[in-house]
A.B. asks: 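Quick one: this structure, given as structure tokens, is what I'll be asking you about.
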2 protein chains.
Amino acid sequence: MDEEFKLNSIAAADLPAIDDGAEPDTSSKQRRLSPAQRREDFIRKATSLFAEEGFDAGTRELARKLGVTQPLLYRYFPSKDDLIREVYKRVYLDRWQPEWDDMLGDRTRPIRERLQHFYDAYTDAIFNRDWIRIYLFSGLKGAAINKWYVSIVETRILTRIIEEYRHEAGLPAHDPAPAELELAWLLHGGIFYYGVRKHIYDSPVLEQKNRAISNALDVFLEGISSVFGTAVKTRSTAIRKAQGPDGQD
Amino acid sequence: MDEEFKLNSIAAADLPAIDDGAEPDTSSKQRRLSPAQRREDFIRKATSLFAEEGFDAGTRELARKLGVTQPLLYRYFPSKDDLIREVYKRVYLDRWQPEWDDMLGDRTRPIRERLQHFYDAYTDAIFNRDWIRIYLFSGLKGAAINKWYVSIVETRILTRIIEEYRHEAGLPAHDPAPAELELAWLLHGGIFYYGVRKHIYDSPVLEQKNRAISNALDVFLEGISSVFGTAVKTRSTAIRKAQGPDGQD
DNA sequence: CCGTAAATTTATCGACCGATAAATTAGCAG
DNA sequence: CTGCTAATTTATCGGTCGATAAATTTACGG
């Protein structure tokens with residue numbers, strides 16, 4: 001990995017609102033845009049186009065969606081690959097909220113509550129068609145930034161989950177063992193797959209995302225309590241015990 | 001969904017072994033093959049080529065890998081799309097072992113044992129680079145057979161898991177509630193993501209796959225026991241309780 | 001209103017794509 | 001050895017791709 005990435009390194013462009021429609025912009029009289037605005041338009045439309053059709057989608061179709069001609073792209077990006085890299089950065093680096101780091105480690109709140117809050121917010125940020133499809137397309141392409149992101153998930157989220165769980169359970173602190181990390185991946189992958197089913201397979205999923213997350217956290221935390229041989233107050237309420245998971249019908 | 005698919009509908013071709021190398025076959029003197037053998041070669045090489053580069057990979061590169069010329073493809077398949085459909089069928093329909101259905105429902109064995117056996121065998125069948133990549137590529141393309149397969153997973157595996165769990169736990173039998181199915185998806189998606197991490201992201205995973213599955217099942221079954229308010233003998237052993245999950249270092 | 005810098009378009013190149021038609025050649029039957 | 005059938009190749013078409021160069025037009029400063 002010879003490239004360096006940094007979460008939230010790109011300031012969300014606060015440029016004038018742009019036409020997001022699929023058809024060429026006929027209403028706007030503004031025929032020329034500032035370089036910054038035009039560049040922004042290219043990146044945004046490229047993100048949704050590549051999300052739908054993959055990175056093999058043509059530059060002519062991209063230009064057509066913007067209502068401009070294809071060679072204009074090359075005034076703003078040296079090559080299509082450079083445009084793709086900009087899309088990567090926008091998708092991968094722009095979603096992480098810095099406060100999540102502090103929040104996951106806030107030991108004044110129970111881990112159950114922190115995890116529910118985190119995964120509610122995190123999945124709000126990444127469970128959309130563009131993000132998940134770009135993520136998978138870039139993963140299949142073997143993009144360096146994808147592998148980097150996976151390592152970030154492991155260190156910023158999963159290692160944290162295990163550490164915080166061990167702390168709350170009164171277990172001795174140490175770097176998470178591979179098998180412990182693997183269990184955290186089970187939770188994370190299971191939740192992520194909810195988004196894949198919804199946005200890639202267009203498959204019906206449990207409507208209330210937060211309920212799916214809540215039940216997942218119940219099973220995970222109760223499960224590792226049993227497996228680790230520890231008891232931690234993890235359920236949000238106790239009354240549900242007799243009636244099964246929330247929302248079962 | 002206007003197409004009909006059927007698991008295991010294609011007999012595994014028992015044709016003479018073929019050269020699987022990437023370079024054109026120079027050693028073999030046999031310049032002409034039987035139509036069945038040639039067709040088989042096309043499908044096999046197309047599977048690995050499409051798995052690596054996606055379905056946009058060129059027919060000329062495919063022919064080059066087989067040591068033949070590109071137009072020959074069109075003696076065996078009317079179009080590239082027809083070839084892709086054959087690859088789909090081979091990948092999706094050819095892996096399911098009919099005995100898995102009976103095995104999952106065999107109530108003479110505890111559910112814990114059945115699930116371990118099933119997921120060991122199922123992941124042996126699908127956790128390879130070709131299968132997982134073709135699966136994701138076809139999912140991203142919105143292929144009908146992918147959506148069909150997802151529904152098959154739900155009815156043949158996940159519904160079964162909930163039903164069998166409820167039976168073993170002495171809970172009243174009924175069709176799995178959406179929230180219960182969602183929990184089964186958490187397990188299934190979590191396990192599947194192990195394969196994605198290993199074969200798509202080339203990310204390090206817990207080496208012993210069966211251990212990852214065993215721990216996942218422990219957490220899942222113990223977890224839903226607590227959440228459902230039932231106690232079922234799920235752990236394979238009890239001694240582990242004090243030392244955390246297997247293989248933790 | 002004019003002039004100029006730059007945003008955008010027109011025209012085009014060479015490479016590659018899926019697909020078709022016609023020529024060729026391997027291999028088997030007699 | 002010959003001749004026929006069919007597997008395979010050669011040649012090629014129209015279309016699209018990413019990219020470049022040159023011409024054109026917009027918008028702004030004076």
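Computed from a prediction, not measured in an experiment: that's the story for all the values here. Order of the sequence lines sets the chain letters (A, B, ...), proteins ahead of strands, with each chain counted from 1.
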A.B. asks: Would you tell me if any nitrogen or oxygen in the side chain of A:R32 comes within less than 4.0 Å of OP1 or OP2 on D:dT26?
C.D. replies: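 The answer is no; no side-chain N or O of A:R32 sits under 4.0 Å from OP1 or OP2.
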
A.B. asks: Just compare D:dA21, C:dT8, D:dG18 and give me whichever is closest to any side-chain atom of A:Q70.
C.D. replies: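 Output: D:dG18.
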
A.B. asks: Picking from C:dT9, C:dA19, D:dA7, which would you name as closest to the side chain of B:K80?
C.D. replies: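 The nucleotide sitting nearest to the side chain is C:dA19.
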
A.B. asks: Around A:K141, counting heavy atoms of other residues, nucleotides and ligands shown, do more than 12 lie under 6.0 Å from its NZ?
C.D. replies: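 Result for NZ/A:K141: enclosed.
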
A.B. asks: Taking the side chain of B:R75 as its heavy atoms from C-beta onward, which of C:dA19, C:dT10, D:dA7 lies nearest to it?
C.D. replies: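 Output: D:dA7.
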
A.B. asks: On DNA chain C, check which nucleotide each of A:R60 and A:V68 is closest to and give me the residue with the more 5' one.
C.D. replies: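 The residue whose closest nucleotide sits nearer the 5' end is A:V68.
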
A.B. asks: Can you tell me the distance, in whole Å, between the CG atom of A:D82 and the P atom of D:dT20?
C.D. replies: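 Nearest whole value for this atom pair: 11 Å.
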
A.B. asks: Rounded to whole angstrom units, what separation is found between the CZ atom of B:R64 and the P atom of D:dT10?
C.D. replies: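 After rounding, the reported distance stands at 16 Å.
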
A.B. asks: Using a 4.0 Å heavy-atom cut-off, does B:Y76 contact any base of the nucleic acid, only the sugar-phosphate backbone, or nothing at all?
C.D. replies: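 Here B:Y76 touches the backbone only, sparing every base.
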
A.B. asks: Taking CD from B:E53 and P from C:dC17, how many angstroms apart are they, rounded to a whole number?
C.D. replies: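 One finds 10 Å between P of C:dC17 and CD of B:E53, rounded.
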
A.B. asks: Regarding A:P35, tell me which of base, sugar-phosphate or nothing describes its non-hydrogen contacts under 4.0 Å with the strands shown.
C.D. replies: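 The residue A:P35 makes sugar-phosphate contact but no base contact.
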
A.B. asks: What is the separation between atom CZ on B:F55 and atom P on C:dC17, rounded to the nearest whole Å?
C.D. replies: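 About 17 Å, once rounded to whole Å.
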
A.B. asks: Indicate yes or no: does A:K209 engage B:E182 in a salt bridge with an N to O separation below 4.0 Å.
C.D. replies: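 Not counted as a salt bridge, because no side-chain N and carboxylate O are separated by less than 4.0 Å.
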
A.B. asks: Find the distance B:L66:CG to D:dT9:P and express it as a whole number of Å.
C.D. replies: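 One finds 11 Å between P of D:dT9 and CG of B:L66, rounded.
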
A.B. asks: Whole angstrom is fine here: how far is it from CG in B:L72 over to C1' in C:dT24?
C.D. replies: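 So the two atoms are 14 Å apart, to the nearest Å.
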
A.B. asks: Assign B:A63 to base, sugar-phosphate, or nothing according to its heavy-atom contacts below 4.0 angstrom with the strands shown.
C.D. replies: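 If one applies the 4.0 Å heavy-atom cut-off, B:A63 turns out to touch nothing in the nucleic acid.
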
A.B. asks: Roughly how far, to the nearest 0.5 Å, is the CD1 atom of B:I152 from the CG atom of B:L158?
C.D. replies: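 Those atoms lie 11.5 Å apart.
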
A.B. asks: Expressed in angstrom and rounded to an integer, what is the separation of A:Y74 atom OH from D:dA21 atom P?
C.D. replies: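 Interatomic distance, OH of A:Y74 to P of D:dA21: 13 Å.
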
A.B. asks: Examine the side chains of A:N146 and A:Y88 and answer whether a donor and an acceptor come within less than 3.5 Å of each other.
C.D. replies: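 The criterion, which ignores hydrogens and geometry beyond distance, is not satisfied for A:Y88 and A:N146.
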
A.B. asks: Let me know which of B:R39, B:R44, B:Q37 forms a side chain to side chain donor-acceptor pair (under 3.5 Å) with B:D41.
C.D. replies: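 That would be B:Q37; it is the only one of B:R39, B:R44, B:Q37 passing the side chain to side chain donor-acceptor pair (under 3.5 Å) with B:D41.
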
A.B. asks: Could you check how far CZ of A:F42 sits from C1' of D:dG18, rounded to whole Å?
C.D. replies: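 After rounding, the reported distance stands at 14 Å.
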
A.B. asks: Would you say D:dG18 has OP1 or OP2 under 4.0 Å from some side-chain N or O of A:T59?
C.D. replies: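 A:T59 to D:dG18 OP1/OP2: side-chain N or O found under 4.0 Å.
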
